[in-house]
Every structure is written in structure tokens, then in C-alpha cells.
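One structure is given below, encoded as C-alpha cells.
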Amino acid sequence: MAKVLLKGCEAIGEAAVRAGALRYFAYPITPQSEVAEYLVRRMPEVGGVFLQAESEVAASNMIFGAASTGERVFTTSSSPGISLMSEALSYIAAAELPCVFVNVVRNGPGLGGILPSQGDYLQATRGGGHGDYKLLVLAPSTVQETVEHIMLAFELADQYRNPIMVMADGLIGQMMEPVDFSAAPKPNPPDKSSWATTGAKGRKPHLIKTLFLSPQLGEEHNRKLAAKYDKMRANEVRYEAYNLDEPRKVVMVAFGTTARVCKTAVDALKKEGIEIGLFRPITLFPYPYKPLRDIAERNEMRHLLVVEMNMGQMIEDVRLATSDRKPITFYGRQGGIVPSPEEVVEEIRKLL
Amino acid sequence: MACKIIFDRPESMTETITHYCPGCTHGVIHRLVAEILDELGLRERAVGVAPVGCSVLAYNYFNCDFLEAAHGRAPAFATGLKRTRPDLIIFTYQGDGDLASIGIAEIIHAANRGEKFTTIFVNNAIYGMTGGQMAPTTLPGQVTTTSPFGRDVANVGYPMRMRELLSALRTPAYIARVAVHTPRHIIEAKKAVRKAFTYQNEGRCFSMVEFLSTCPTNWGMTPVEATQWVQDNMVPYFPLGELKTPEEEQDAD
Amino acid sequence: MQIEVKFAGFGGQGIMSAGKFLAEAGLEEGKEVVWIPSYGPEMRGGTAYCTVVVSEQPIGSPIINNPTHLVVMNRPSLEKFAPTIQPNGIIIINSSLIPITSERTDVTEILIPCNQIAIELNNTRGANMVALGAYVACSKVVSLEVLEKIIRQEFAKKPKFIEGNVAALKRGAEVASQEMEKAK
């Protein structure tokens, strides 16, 4: 199939449909309401369900209920909405139900604004909701990659029985880029009949719950979840090393849209004969600690530059990865301002 | 002489002994729901949604698929379930804190959308599990741990009548209030539960049956005193009966 | 070679769709494209702009502070964005609504009375297509034929708008070509 020009939000909706996720419950919030506007027309064509909930709280709990049937379900929202959904995320993770949440991040805190940001990094990777749970977090940097991540997210959700978050930003949600669906894998959902609550016909009742009043059982459940997160850490780390085939004096670390900006900065400096590396985490949890450590520990590596659309969040993971053995400089923009390649080049020059 | 079984545990209930306090009517209400699931042949398609509150453990007593929602979110949860699998019979089982306080948005919107599930609403005018705090349905002057001088309506407003509130919505629904403090009331209550599940099974409308229930422990009464208190204090403020049926609504249009 | 063009004007002037058609045409020609909008309250009647990047290579940063080209439909947009255009760039000015010029000497500046031309064509809402045609004629970033094909596709569900918009596109291109000749 030929490439089609799609707005990020529309691509998110279409990718989910093609992944076999035919149940969508959501509440409008800028800059991602176009997902709902797309799916309200698309779902009837494929026999799916679209419902505009009364709030993000309700939408996320509809996902909780729908996911218990074993069907592929998802919702989309943006930062303030994700805060409201954090309750359900904690429950769904505890209940071990597969589903996908997409956060088209806007700037905060509070009402903030509707422009792009990466200010939800810590919320996505450290929790947001209560308790010891983890989301597997994918951070695409183009509309095409967003499509691939959405499709991958449903496979991972089923595989791990865990909510997966695709963390885009307002720019990815709003811009249009060519999208190619032809390489999309066929949806491959596993058999879920051993746990799905679909009526106890001819079997013992299934129970999906998160309450463990016994401390022993509560701890056991937490250990089980922790083992699952360890498995993600072992098997699901994804990253891109750009212009890092050889050791570089300065290596940038950036994800999502910001990484894309940094790539342009790398290319611009290359034209001047200056070689800079870029390390782009694709999974924010599990974070690619080891690959980043390996790069940072090369003798030639003098300085790390972390670039984010926030006031310094992923830098905490960069510090964890490198144990502060090499100097780290941070460059961040907020308020919806996307750093330009020129700004990033200037920051690099200061380090050379 | 051959013996004939005239009373038995419904198939829709497990053998587990409930954790409810003596004189609490959750057990009676559980049983009514289970009997109706049996009688209408719905057990194998039934999925219950437990609330947060004393009845969070309801799943231990029902012999059907069950889930546990977040506090107040059972109607949203049930919406997701029912819309995903319209062939299933879904019921939420919610207390007054769950449904009328923290989850009031979810119940109103689910009812207004005409979600085709059944809500069993258990109103005992107090928070049971957390230890006797004031509920949205606590009666004027009623003493609780957070209204130690009696509910002051000038300060916190009047108790909410959920049956009346939801009946104000135009979307067709079945909405009734029943009680279970006497055998006569239990018989009436069962009729309402039967109607509610029948409407759902026919795919007709949202249905809610509000039960006036007891909480002897937190009311500080004996079970007998508690049932009398329901009659003397709750029934006058929370009148019994159907307030909305789908037939009436159609006639009104 | 990478071309970055900013379309700017009032909300309601068809700025976003002009940019989208250009991006579609670039894609049709097998190029890499990105369409980046300004979004939010700005779209509701205030200044609106979008940036389209057309490139032979995969596109890096979608954030373009200094585009190569500019198409402006109202005066505030000219005042705001003209200084940001790269030297040797192109600026298309809707002279029907903009009584001034950029006063830049290092760019090619073409004045097109877009609204007036649209009115002459009896298509008052077609000023954006006039501007788009003019821009493509000047920049040659995509071929006019492919752009026409895209417009026919985009309006397939509203066929009564097709011929008017195609006419506006072509007239814009014609007028711009004449202006280019004069400029030489």
C-alpha cells in the first residue's frame, strides 16, 4: 500500500484499529481530540466500539472493564487527562490486564498549555498512580514510528498482561507525515480464555481483583509483578544509537521529538566536520541503562548533553546509567517551546 | 417418606460464609440477586462488578465471574464491559459512598447513556467499611464519626435521594427503591430485582434497584433495633417503590 | 535539497489546507514531507500558520525557525515572519490585503493580489489556492500538474468546488510567472 499523509492523531487511531483494537473509550482534550474525531467514524466501519466518556476518570475505568474481557482496548489523552487516568492505570497494572494508553503530552504543570512537552517523563516512568507498578513506555519520534509503536504496544500488552503507554507529544499528534501501513504485522492476540471474565459457562468463575488484605498474599502479588517488570528490563530495552559507530567526545541523549531535533543538529555539525553522537532511548521504561553506560564509559567520551522538553527529568536516568562518572549538561525548553536544531548546536559548541 | 428440598443455596452463590456483621442485610441482598440469576438462567453469562466498601468481597460469595472496580467507578467499568461484550449480563453492586459520593458522576452518566447493565445500590446511610463516617445518604441529625453532633443540613446539605435523582433523567430506565427489613419487603424487593435483570436481558434499558439496608455495627444498634430504624427513619425519607419504568417513559414521549 | 515553506494568515483563510495540499503533492512525487500546524486558540480566527517541509532526504527536526520560503495572506503574518526567512528565499505576499512589502533585498518577493484574483474568478474563498499556485510557480517545489491532481482528489466528495479551486490555482501560477518575468 502507498504511503498516506496522516495527522499524528489520526495515525494513532488507524494504527490501533489495524492492531485489532476495536474498543475505544476516551474524553476530549487538546492536543489529541482528533483521535476521537477520527475513531467515531472509523469504528463503525470495522464493527468496533467508540464511546465518549464523561471524564478521563470514567474513560480509563471503561478501559479497565473492557480489558477484562480480553479484547484489545485503548484510550488516548493528554497530560492533565493522564493524571486523572493514573488511578485506573494503577488498578489495571495491579489486575494485570492488557491495554494501551497513549499520552499526547502537552505542557504543564496544572492546566499548563496545549503545546508539546516532555514534562510527563517521570509520571510515565515512575508511576503517577499509587503503588509498586510499572508501565512499559514507548517514545516515538515520528508519526510513522508512532504507528509502529501503537501496534507493538498491543502485542506487548498481551504478552505481559500489562498496560503499555505510548508517549508522544503535541507536535507528533498535530503534524502530518506520510505513513506506511504495509509493513504492519498481523494482529496476533494470544488466547485469553484462562483469565478473561466472559461468563462462567462450563468453568469455575474467574475473578479479577487488586485487593490483597493478607500481607503475605500482598507481598506475593508484588513479587510477581516485580518479576514481570524484571522480564521487561531483560527483554524489551529499545534504543537508537545515531552517529555512534565510533566513539564521540560529546554524546547527546534525547527521546521523542527532541531526539529528532538533535539528529538535525548532529547532521549540521557533521557538515562542519564535527562528529557528535546521539543516544535515543525508545523504551523509557525499561530504560536502556546498559547501552548508555557502555557508550559513556568509552575513554574518548568527555561530555553528555541531555536535551528535553522539560526542566530535567530523563536526566535522572542518564545519571543512574552513568553513575555521574562523566559530566552531564542539561538543555531543556518548556512551555510548549520545542528546541530548535540551531539552539542545540549552540549548546554543543559550548562543550567542544 | 421421601424428603423434598424446599430451600437451598442458589447455584449462583458459593458456600463461603460471609464476613458481614450480624444484622447487616448485604447477605439478604446477595441472595436475592443470586436467586434471580438462577431463576432467569443468567449465571453463566453474568459478570458482577464489586465496589470499594464492605461488599468489596462480594466476589467471594457469588458463583459467577466477578471483578473489583476502583472506588465509585463500577458504572464506568461496567460500561466498558457491556459495550465490549453486550451478550454478557453485567451488574454493579455498590454502596452509598461508592455510588452517591465518589462515583456520582459515573452513575449519572451511565444511567443517562442508558447503559444496559443493572446496578444494585445498597444504601445504609453510613460508611460501613471505613468505620461509620457520614455518607451522602446519612439522615438529618444522624450521628456518625464525622457528624458526631448529628448531620447538620445547614452545613452539609440534605441526604441525597439517588432513586429520585436518577429518575429525573429522560433516558428510559428502570429505577426502584426497595427494602429488606421484613419478609414482606424482601418479597417486594425480589420482584424489583427480577424486573431489573429482565430488562437488561431484553437489552432494554439501564436498571437500578436501591436497597435500604442496615448497619447495626456503625449505627450502634442491635440487629432488631436496626431493622426497626430502617422502618422508622429511612423509609419516611427514602420512599419505597418504582419511580421510573421504561414503559412509562415511552408513554410520556 | 530541503524546502521549508511557511503559510501564514488569518484563521479561516484556508492556510492549513493550502499547506496540506502542498504536502500531499510532495508525497505524490515520492518526496519526504512534514506538515506542521500552529494549533489551538490561534486557529479560531487569529493568526494561523503551518509549515511544510519537502525534502529528498528523511526530515529531521520538524521545528523550522528560519524557513526557506514564506506565503503570507495578511499583514501581521508578513511583519512577524518576513524577517525569519533565509537569504535567497521566496516571499509570496497577498497584496490584496497587505499594503506593504518585507523591505528585504536578499529574497525574491512576489506580490499577488490573491483575493482580487479570486473575486475575478467568482471564487471568493479561493484566495488560498491562488497563493498556492503562485508559490508553486515561483518555487517549483512540486509540479503544478501533481498539485492539480491532489486538489481534484481532495475535493472528490465536494465536486462543485473542484473547478473553481483548480482555476484559482492555475491563475495564481500564471500571474506569478508573469511577475517573475517582470522581476528579471
Side-chain angles (χ1 to χ4, degrees), chain A residues 21-27 43 48-75 84-92 94-95 97 99 129-130 195-213, chain B residues 11-14 19 37 41-53 56-90 92 102-113 115 117 129:
Chain A
L22 304 186
R23 307 292 190 283
Y24 175 75
F25 303 88
Y27 185 75
M43 281 304 191
V49 172
F50 167 92
L51 185 66
Q52 178 173 330
E54 64 269 29
S55 66
E56 286 92 349
V57 172
S60 53
N61 282 282
M62 289 173 186
I63 294 298
F64 187 5
S68 70
T69 65
E71 299 291 335
R72 286 189 164 178
V73 301
F74 74 112
T75 190
L84 288 171
M85 290 178 168
S86 296
E87 172 194 55
L89 277 168
S90 166
Y91 277 78
I92 297 169
L97 295 178
C99 57
H130 58 285
W195 56 264
T197 50
T198 50
K201 186 174 184 183
R203 61 160 168 78
K204 285 194 168 162
H206 289 163
L207 171 61
I208 291 175
K209 63 163 195 158
T210 62
L211 179 70
F212 293 93
L213 289 172
Chain B
E11 196 193 354
S12 295
M13 294 204 87
T14 63
H19 69 292
L37 291 178
L42 303 176
R43 187 191 74 84
E44 293 183 331
R45 286 194 287 140
V47 181
V49 184
V52 172
V56 63
L57 298 174
Y59 46 73
N60 288 334
Y61 317 127
F62 281 97
N63 182 27
C64 64
D65 279 6
F66 234 94
L67 308 110
E68 196 188 80
H71 199 13
R73 317 295 175 227
F77 195 105
T79 298
L81 255 171
K82 185 77 182 188
R83 294 241 177 185
T84 299
R85 288 291 301 268
D87 56 314
L88 300 178
I89 296 293
I90 313 291
T92 71
I102 195 167
I104 194 156
E106 284 79 5
I107 190 64
I108 287 178
H109 283 277
N112 191 55
R113 286 190 302 263
E115 298 294 347
F117 63 79
M129 187 177 74

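Numbered from 1 within each chain, the chains take letters A, B, ... in sequence-line order. Not measured: the values here are computed from a predicted model.
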For residues [X] and [Y], report the shortest heavy-atom separation together with the two atoms involved.
X         : Y         : answer
Ala58(A)  : Ala76(B)  : O-CB, 3.5 Å
Phe64(A)  : Ala69(B)  : CE2-CA, 4.4 Å
Gly199(A) : Asp65(B)  : N-OD2, 3.0 Å
His71(B)  : Tyr91(A)  : N-OH, 4.1 Å
Leu88(B)  : Thr197(A) : CD1-O, 3.9 Å

**Asked** Does Arg23(A) use its side chain to pair, donor to acceptor, with the backbone of Thr84(B) at less than 3.5 Å?
**Response**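 Flag set: sc Arg23(A) to bb Thr84(B) pair under 3.5 Å.
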**Prompt:** With no hydrogens and no angle check, is any side-chain donor or acceptor of Asn61(A) less than 3.5 Å from a backbone partner on Phe77(B)?
**Reply:**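 Checking the backbone N and O of Phe77(B) against the side chain of Asn61(A), no donor-acceptor pair under 3.5 Å is found.
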At what distance, to the nearest 0.5 angstrom, does [atom1] of [X] lie from [atom2] of [Y]?
X         : Y         : atom1 : atom2 : result
Phe66(B)  : Leu207(A) : CZ    : CG    : 9.0 Å
Arg203(A) : Glu44(B)  : CZ    : CD    : 10.0 Å
His109(B) : Ser55(A)  : NE2   : OG    : 7.5 Å
Thr14(B)  : Lys204(A) : OG1   : NZ    : 12.0 Å

**Message:** Assess the residue pair Glu115(B) and Leu51(A) against the criterion (side chain to side chain contact (heavy atoms under 4.5 Å, CB included)); give the C-alpha distance rounded to whole Å, side-chain angles, the decisive distance to 0.1 Å, and a yes or no.
**Reply:** CA-CA 11 Å; Glu115(B) 298 294 347; Leu51(A) 185 66; 3.9 Å; yes
**Prompt:** Is it the backbone or the side chain of Thr198(A) that comes under 4.5 Å from a heavy atom of chain B, or both, or neither?
**Reply:**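 Both backbone and side chain of Thr198(A) come within 4.5 Å of chain B.
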**Asked** Which region of Ala59(A), side chain (C-beta onward) or backbone (N, CA, C, O), has a non-hydrogen atom less than 4.5 Å from a non-hydrogen atom of chain B, or is it both or neither?
**Response**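 Neither part.
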Is chain A contacted by the side chain of [X], its backbone, both, or neither, given a heavy-atom distance below 4.5 Å?
X        : value
Val56(B) : side chain
Arg45(B) : backbone
Ala70(B) : both

**Item:** ring-ring contact (aromatic ring centres under 6.0 Å, His included) partners for Phe25(A), two or more places apart
**Value:**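 Scan of Phe25(A) (ring-ring contact (aromatic ring centres under 6.0 Å, His included), adjacent residues dropped) gives none.
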**Message:** When you compare the side chain of Thr69(A) with that of Leu81(B), does any pair of heavy atoms fall below 4.5 Å?
**Reply:**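 With C-beta onward as the side chain, the pair touches.
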**Prompt:** Just wondering, do Leu57(B) and Leu211(A) contact through their side chains at under 4.5 Å, heavy atoms?
**Reply:**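 Answer yes - side chains close enough.
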**Option that, when pairs with chain A are counted at under 4.5 Å, heavy atom only, ranks first among Ala105(B), Cys64(B), Pro75(B), Ala74(B)** =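 Maximum pair count with chain A is reached by Cys64(B).
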**Item:** Glu71(A)/Arg85(B) ion pair, N-O < 4.0 Å
**Value:**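 No, Glu71(A) and Arg85(B) are not salt-bridged.
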**Asked** Within a reach of under 6.0 Å around OH of Tyr27(A), are more than 12 heavy atoms found that belong to other residues, nucleotides or ligands?
**Response**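 No, OH of Tyr27(A) has 12 or fewer neighbouring heavy atoms, counting only those of other groups under 6.0 Å.
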